[in-house]
Amino acid sequence: MRRVLCSLLFLLAAAVPTVLAEEVDERDSNRYRYSILGDVVDENGQPMPGATVRVLGTTFGAGTDSDGEFVIRLENAKEYTLLVSFIGYESQEIKAVPAVRPPRLHIRLVPSSNQLNDVVVTGSFVAKPLKEVPVLTRVISQKEIQALNPMNVETLLQYELPGLQIGYNSMSQMPEISYQGMDGEYMLFLIDGERVSGEGADHNVDFTRFNVDDIERIEVIKGAQSTIYGSNALGGVINIITKTANRPFSGNLNARYAGSNGQKYTASTGVKKNRLTSYTSLTYRTKDTYEIGDEVGKTTVTEGSDGSSAEEQADAGSTTVYGYNIWDFLQKIGYTCNEKLNADLKGSFYRNKRDKRVGKMYQDIFLDYTLNGKVTYLPGEKQQLVIGYIYDNYQKNQDYFLSGKKTTDYRNIKQTPRIDYTGTFGKHTVSVGFEGDFEYLKHYMLEDSSHVNNQLYAFYAQEDWDILDELNIVAGVRADYHEKYHWHVTPKVSLLWHFCDHVSFRAGYAQGFRSPSLKELYQAYDMGGMGWFMLYGNPDLKPETSNQVSLSGEFTKGGLNMSVSFAHNRFRNKIAYMSLGDGSSDMQYVNADNAKTTALETILRYRFGFGLILTGSYAYTNDYEEVDGRNTSLVRPHTATFNAMYSHKFGKIGFNCSLNGQWGAKFDTYTRNQNDDGTYAYEITTYDARTMCSLNTGVTLPKGISLNLGIDNLFNYKDKAADSSLQVPQKGISVIGTVNLNIADMFGL
């Protein structure tokens, strides 16, 4: 019954915008009687469906249809500048004057030799090409996502970002992230620039909320970004940009099948006509539960404080990775009121029914629904005012299937109002804004499963100054008011120097901060519910702070792009668990010793002229968490990713092939244990090197039919259950088949 209701809701959401667009068309025929029309083709003269045509200085724009044609209706017959763009191609600016019977524009785009002209929005308040952003930014494009064809976001990020580890939390049975020494609480995940609520594994968002089929691109900004995004952005920001309608009508049916390793079915439709834009998506995802069992236990070496050493082999263990059944629904609607004003509304729904865990009398069901409204006003030339609000309600329910009882033991609600203004005056672009963060948390780890609230207000300002044609500097400051910690000021400064035509240097300094979470402040949890020991929060915690310096150099010539970046982060008042010291096993959050992380990353990318792109990246991370002179970090010091992507069109048939890989180095780590006599022993654990590869091939046939066949975990690598805290254990090779039907191309819409 639920599937039928979801399908009816999808059909209704898809049909209503089309009807409204026709009504708007009839009503506006007299007012918007001038138009600009044309067609966009590629280097071979073939139509480019889905190209974007924007009227600069206004809120108007259009997308091209299956013939590459577009029409934009305007109120005034004056000269406008059109910006024509398509992913992977050089953008063009075209002058045009609308008329009652306008001449047809014929626009030809040529392929871009690199990604540096792609526009990003995360690193600052201003949309800029990558080459002009003073903070080195990594973009995972739609083309790269399609080439990898991942089941989930975790797989996608691991293949694209060196230094990223996805472990498996044994308590929550959910994935958790570490990126170049930064755990999940230091990485801020955004959807369309907005924070998300809810916790999956400890201090990590629920990554299964992110539906790969709804992602247009991902922008990754490394380093402290608290000046713009506030708490939790000490280690970086990962902004997931979702799809919107990019042509008059779009419709896609997609099916991905990998047997017990996952199935995914998506239907989406979009309308971009006149002043109305709508995008609707419905996805069903499922994956089976599987178990990883070790044949022999892990061998460790224990060093005594007296210099002695002993080797010990643990008992063989196993890890169960639990499956799920997920429904995702996304609806986006945009309406252009006039040349200066438009409004956007977005709603989403997520339901994750997880497989029943062994020994439990209930089944976990995770729910989330969001509502996001935004109004954009252009008060003058090169000025923009945005007013927005988001409501995000995430909860974890327990279905006691025998008794029929359902309970909610976790709920996290975030409400975020914001106002942003950006204006460009000569060589200066000024951005100022206000943001509120109102949070409600009901948590089973709080005493009596009670709830707590928190309010935070922030004011921020930033100036982007083009000092010279080759020199740009961005300086900003943010003032956060926390109802418990009062004012906290966070500055940053970034510099971009175009040394010559092919070489650029970037440098930056930024402070970061993280306010203790409500759980860290007020938790009182009986671990395991068996009275083993208590985990307590600490109302006296101080916010964590960091100071980061970063340097990078970039060389670009033709199809070659190479960059080397360095970042060093020092933390104060880092929050960690520590024993109460009262003779019990109870533990409490405290502000522990200071910490530091140093990371070096290099990326090499070359685009050949015959359709082949090679990309390789390497990261070195020195994450030193010292205990008695020994490193206790679980971060792999050396990691790398590589990609070879080939695409070519033979007549009307397109072919693509992609080989992706990730590698992590072998390393040792220490664990300190206390003996009965009060002395300490140090256990050395060795983690083996790990290599994962994925191969995907596909063809695009006439009439909008695309077929893909892939092999995940190409060399049949099998993880050890004992290493699950370091990486989500993989059980071996998987064959994947994907079919996509582009309805608009199929029927020439």
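Counting begins at 1 with the first residue of the sequence. Keep in mind the model is a prediction, meaning the values are calculated, not measured.
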Original post:
Side chains of His106 and Arg108: donor-acceptor distance under 3.5 Å anywhere?
Top reply: no
Original post:
Any sub-3.5 Å donor-acceptor pair from Gln662's side-chain atoms to Thr641's backbone N or O?
Top reply: no
Original post:
Do you see a donor-acceptor pair shorter than 3.5 Å between the side chains of Arg690 and Gln165?
Top reply: no
**OP:** Please check if atom CG in Asp469 has more than 12 non-hydrogen atoms from other residues, nucleotides or ligands closer than 6.0 Å.
**Re:** no
**OP:** Determine, for Tyr186 and Arg514, whether the Lys NZ or Arg CZ falls below 6.0 Å from the six-membered ring centre while staying within 45 degrees of the axis.
**Re:** yes
Subject >> Under 3.5 Å: donor-acceptor pair, side chain of Glu194, backbone of Ile191 >> reply: no
Subject >> Under 3.5 Å side-chain donor-acceptor pair for Thr81 and Lys95 >> reply: yes
Original post:
Looking only at atom types and distance, does a side-chain atom of Asn239 sit under 3.5 Å from a main-chain N or O of Gly193, one as donor and one as acceptor?
Top reply: yes
Original post:
Okay, side chain of Arg506, backbone of Val133: is any donor-acceptor separation there less than 3.5 Å?
Top reply: yes
**OP:** Would you kindly say whether Glu154 and Gln158 are connected by a side-chain donor-acceptor distance under 3.5 Å?
**Re:** no
**OP:** Taking the side chain as every heavy atom from C-beta outward, state whether Arg247 and Thr64 have any atom pair closer than 4.5 Å.
**Re:** no
**OP:** With sequence neighbours left out, write down each residue that passes ring-ring contact (aromatic ring centres under 6.0 Å, His included) with Tyr389, or none if nothing qualifies.
**Re:** none
Original post:
Should the ring pair His568 and Phe566 be called parallel, tilted or perpendicular, given that the plane angle runs from 0 to 90° and is split at 30 and 60?
Top reply: parallel
**OP:** Indicate whether the side chain of Asn561 and that of Glu554 have a donor and an acceptor atom separated by less than 3.5 Å.
**Re:** yes
Original post:
Taking C-beta and beyond as the side chain, do Ser91 and Leu83 meet within less than 4.5 Å on heavy atoms?
Top reply: yes
Subject >> Any donor-acceptor N/O pair, His502 side chain to Thr556 backbone, under 3.5 Å >> reply: yes
Original post:
Any donor-acceptor pair under 3.5 Å linking the side chain of Ser546 with the backbone of Asn569?
Top reply: no
Original post:
Is the closest side-chain heavy-atom distance between Asn643 and Ser658 below 4.5 Å?
Top reply: yes
Original post:
Given Asp192, which of Lys346, Lys243, Arg217 fulfils the salt bridge (charged side-chain N to carboxylate O under 4.0 Å, His left out) condition?
Top reply: Lys346
**OP:** Check whether the side chains of Ser694 and Asn696 place a donor and an acceptor atom closer than 3.5 Å, and report yes or no.
**Re:** yes
Original post:
Less than 4.0 Å between a side-chain N and a carboxylate O, is that true for Asp392 and Arg209?
Top reply: yes
Original post:
Is there a donor-acceptor contact under 3.5 Å from the side chain of Thr639 to the main chain of Tyr618?
Top reply: no
**OP:** Test ring-ring contact (aromatic ring centres under 6.0 Å, His included) on Tyr606 and Phe608 and set out the steps.
**Re:** CA-CA 6 Å; Tyr606 192 81; Phe608 294 86; 4.7 Å; yes
Original post:
Should Glu93 and Leu56 count as side-chain neighbours, where that means a heavy-atom distance under 4.5 Å?
Top reply: yes
**OP:** Could you tell me whether the side chain of Val40 reaches within less than 4.5 Å of the side chain of Phe70, counting heavy atoms only?
**Re:** yes
Subject >> Rounded distance [0.5 Å steps], CG in Asn622 versus NZ in Lys596 >> reply: 7.5 Å
Original post:
Are side-chain heavy atoms of Ile603 and Arg138 found at a separation under 4.5 Å?
Top reply: yes
Original post:
Under the 3.5 angstrom rule, does the side chain of Asn573 hit a backbone N or O of Glu544 as a donor-acceptor pair?
Top reply: no
Original post:
Hey, is Glu435 close enough to Arg478 for a salt bridge, meaning N to O under 4.0 Å?
Top reply: yes
Original post:
Would you call Lys340 and Glu381 a salt bridge, taking side-chain N to carboxylate O under 4.0 Å as the test?
Top reply: no
Subject >> Side chain to side chain, Arg636 and Gln727, heavy atoms closer than 4.5 Å >> reply: yes
Original post:
Is there a donor-acceptor contact under 3.5 Å from the side chain of Asp466 to the main chain of Leu468?
Top reply: no
Original post:
With side chains defined as the heavy atoms from C-beta onward, is the minimum distance between Asp420 and Arg418 less than 4.5 Å?
Top reply: yes
**OP:** Report the residues that fulfil ring-ring contact (aromatic ring centres under 6.0 Å, His included) with His428, sequence neighbours left out, ordered by chain and then residue number.
**Re:** Trp465
Original post:
What pair of heavy atoms forms the shortest contact from Thr621 to Gly181, and how long is it?
Top reply: CG2-N, 3.7 Å
Original post:
Quick one: which of Tyr421, Tyr481, Phe459, Tyr460 gives a ring-ring contact (aromatic ring centres under 6.0 Å, His included) with Phe434?
Top reply: Phe459
Subject >> Whether Glu463 side chain and Ser431 backbone form a donor-acceptor pair below 3.5 Å >> reply: no
Subject >> Distance flag, aromatic centroids of Phe210 and Phe189, threshold under 6.0 Å >> reply: yes
